[in-house]
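Below is one structure; the comments refer to it alone.
None of the values given here were measured: they were computed from a predicted structure.
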Amino acid sequence: MAVLEILEEQPAHPYEIQQVMRDRQRDRLVKLTTGSLYHSVERLERLGLIKPVDTTRQGRLPERTVYTITEEGRAAFLGRLREMLSAPADEFPEFPVALALLHTLDREEAIERLNWRAAILEALIAGCEVMANRLAEFDVEPMFFIDLDWQICSRRAELKWINNLVERLRSGSLHWDRKAAAPPSRLSLIEGSGKPHGSSAEGTDGPREGAAS
């Protein structure tokens, strides 16, 4: 998507694409290496979403192939963008996994680790705010760094949630007993049903019309 965005604006060779991505700090959003970029370019060309239009050479440097986006590439870019915006994706980040396993730590260590994360979040938020202020000083339109605003807001929300969790752990309002009984092994039986344990969707008179809906 980041490659197609740049080629939508103008033809470019992979090295130029990489420089523009770094200048726009797209590497905050996607993992950017020379190898992964060239792999993406090759894949996009193979799929017919971009095509070579020229080759350039500077001095003794190897030839560089200049690419442009195709009509199929424009359609694919817009279609994927609309999908990404409208439908939340299961991205499987690490932090929820760590929270699911947090009960394996003693209360004191859980608090310590969460406080470390809170401190890092505070530093990340401050850095993003500095970056946003600098962009504003250079009269960059806010529409071009909406993602930065989202990162600031989401990190503030996470920080607030973590601080609340730490307070619950410290006060004892969140029960913390590592010897507590483990949850049911078949959690699928209780999630989403909204019915007391042992109840039946059919009831005593057989299946009810519309129950499946």
Side-chain angles (χ1 to χ4, degrees), residues 1-51 53 66-100 114-166:
M1 290 295 289
V3 171
L4 291 176
E5 177 208 13
I6 294 169
L7 294 182
E8 167 70 19
E9 298 170 3
Q10 62 180 19
H13 52 72
Y15 179 77
E16 186 178 3
I17 293 171
Q18 185 179 40
Q19 290 302 113
V20 173
M21 290 176 68
R22 293 195 187 282
D23 289 344
R24 296 180 180 178
Q25 299 191 342
R26 291 292 186 260
D27 49 348
R28 292 186 297 105
L29 307 174
V30 296
K31 186 176 182 180
L32 178 60
T33 65
T34 301
S36 64
L37 175 63
Y38 277 87
H39 175 75
S40 296
V41 169
E42 290 172 0
R43 182 170 179 271
L44 291 170
E45 181 183 7
R46 190 167 61 249
L47 293 173
L49 305 183
I50 64 174
K51 63 181 181 181
V53 292
V66 178
Y67 293 89
T68 189
I69 193 170
T70 64
E71 288 302 318
E72 293 81 0
R74 288 188 179 91
F77 173 79
L78 291 174
R80 180 62 180 138
L81 176 58
R82 289 165 180 147
E83 179 184 352
M84 292 167 66
L85 283 171
S86 58
D90 290 327
E91 297 173 334
F92 304 104
E94 288 184 350
F95 188 48
V97 179
L99 292 175
L114 289 168
N115 280 335
W116 271 106
R117 186 180 185 91
I120 293 172
L121 281 171
E122 288 175 349
L124 290 173
I125 292 168
C128 287
E129 288 175 337
V130 169
M131 190 183 306
N133 291 334
R134 291 289 289 168
L135 289 170
E137 289 173 5
F138 282 95
D139 295 324
V140 178
E141 290 289 344
M143 64 182 288
F144 292 115
F145 55 95
I146 293 175
D147 60 292
L148 189 58
D149 184 52
W150 177 83
Q151 284 188 329
I152 293 171
C153 291
S154 61
R155 284 170 174 168
R156 283 175 178 166
E158 181 182 339
L159 178 61
K160 181 178 178 180
W161 187 88
I162 288 175
N163 287 336
N164 179 262
L165 176 58
V166 168

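Rounded to the nearest 0.5 angstrom, Cys153 SG and Ile146 CD1 are separated by 11.5 Å. Taking NE2 of His39 as the start and CG of Leu44 as the end, the distance is 9.5 Å to the nearest 0.5 Å. With rounding to the nearest 0.5 Å, the separation of OG1 in Thr68 from CD in Gln10 is 9.5 Å. Within the model, atoms CG of Leu47 and CD of Glu42 stand 12.0 Å from one another, a figure rounded to the nearest 0.5 Å.
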For this session: Using the side-chain contact (heavy atoms from CB on, under 4.5 Å) rule, take Leu148 and Gln151 through it: C-alpha gap first, then chi angles, then the decisive distance, then the call.
Result: CA-CA 5 Å; Leu148 189 58; Gln151 284 188 329; 4.0 Å; yes

For this session: Go through the steps for Leu29 and Arg26 under the test side-chain contact (heavy atoms from CB on, under 4.5 Å), then give the verdict.
Result: CA-CA 5 Å; Leu29 307 174; Arg26 291 292 186 260; 4.2 Å; yes

Exercise. Under the side-chain contact (heavy atoms from CB on, under 4.5 Å) criterion, do Leu7 and Phe77 qualify, and how do the steps go?
Worked result: CA-CA 11 Å; Leu7 294 182; Phe77 173 79; over 6 Å; no

Exercise. Does the pair Met21 and Ile6 meet the rule for a side-chain contact (heavy atoms from CB on, under 4.5 Å), with working shown?
Worked result: CA-CA 8 Å; Met21 290 176 68; Ile6 294 169; 3.3 Å; yes

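In terms of heavy-atom proximity, Asn163 sits nearest to Ala118 at OD1-CB, 3.9 Å. Of all non-hydrogen atoms in Ala76 and Leu49, the two that sit nearest each other are CB-CD2, 4.0 Å. Across all their heavy atoms, Pro14 and Leu37 have their closest contact at O-CD2, 3.2 Å. The two atoms that bring Pro88 and Ser86 nearest to each other are CD-O, 3.7 Å, heavy atoms only. Annotation for Thr70 and Gly48: closest pair OG1-O, 2.7 Å, computed over non-hydrogen atoms. Here the shortest heavy-atom pairing between Ala12 and Ile17 reads CB-CG1, 3.9 Å.
Residues Ile162 and Glu158 are in side-chain contact: their nearest non-hydrogen atoms beyond the backbone lie under 4.5 Å apart.
Remark: Arg43 engages no residue in a salt bridge (Lys or Arg N to Asp or Glu O under 4.0 Å) (not counting sequence neighbours). With sequence neighbours left out, Glu9 forms a salt bridge (Lys or Arg N to Asp or Glu O under 4.0 Å) with Arg24. By the salt bridge (Lys or Arg N to Asp or Glu O under 4.0 Å) test, Glu122 is found to be paired with no residue, residues two or more places apart in sequence or in another chain being considered.
Remark: the backbone N or O of Leu32 is not paired with any side-chain donor or acceptor of Ser36 at under 3.5 angstrom.
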Pair up each side-chain donor or acceptor in residues 123-140 with any protein partner under 3.5 Å, not counting sequence neighbours, and list the distances.
{"unit_1": "Glu129", "atom_1": "OE2", "unit_2": "Arg156", "atom_2": "NH2", "d": "2.4"}
{"unit_1": "Asn133", "atom_1": "ND2", "unit_2": "Glu129", "atom_2": "O", "d": "3.2"}
{"unit_1": "Arg134", "atom_1": "NH1", "unit_2": "Glu137", "atom_2": "OE1", "d": "3.0"}

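Applying the salt bridge (charged side-chain N to carboxylate O under 4.0 Å, His left out) definition to pairs two or more places apart or across chains, those involving residues 145-155 are Arg28-Asp147. Pairs engaging residues 82-98 under the salt bridge (charged side-chain N to carboxylate O under 4.0 Å, His left out) rule: Arg80-Glu83 [sequence neighbours left out].
Counted within 6.0 Å of CZ on Phe144, heavy atoms from surrounding residues, nucleotides or ligands total 12 or fewer; the atom is thus considered open.
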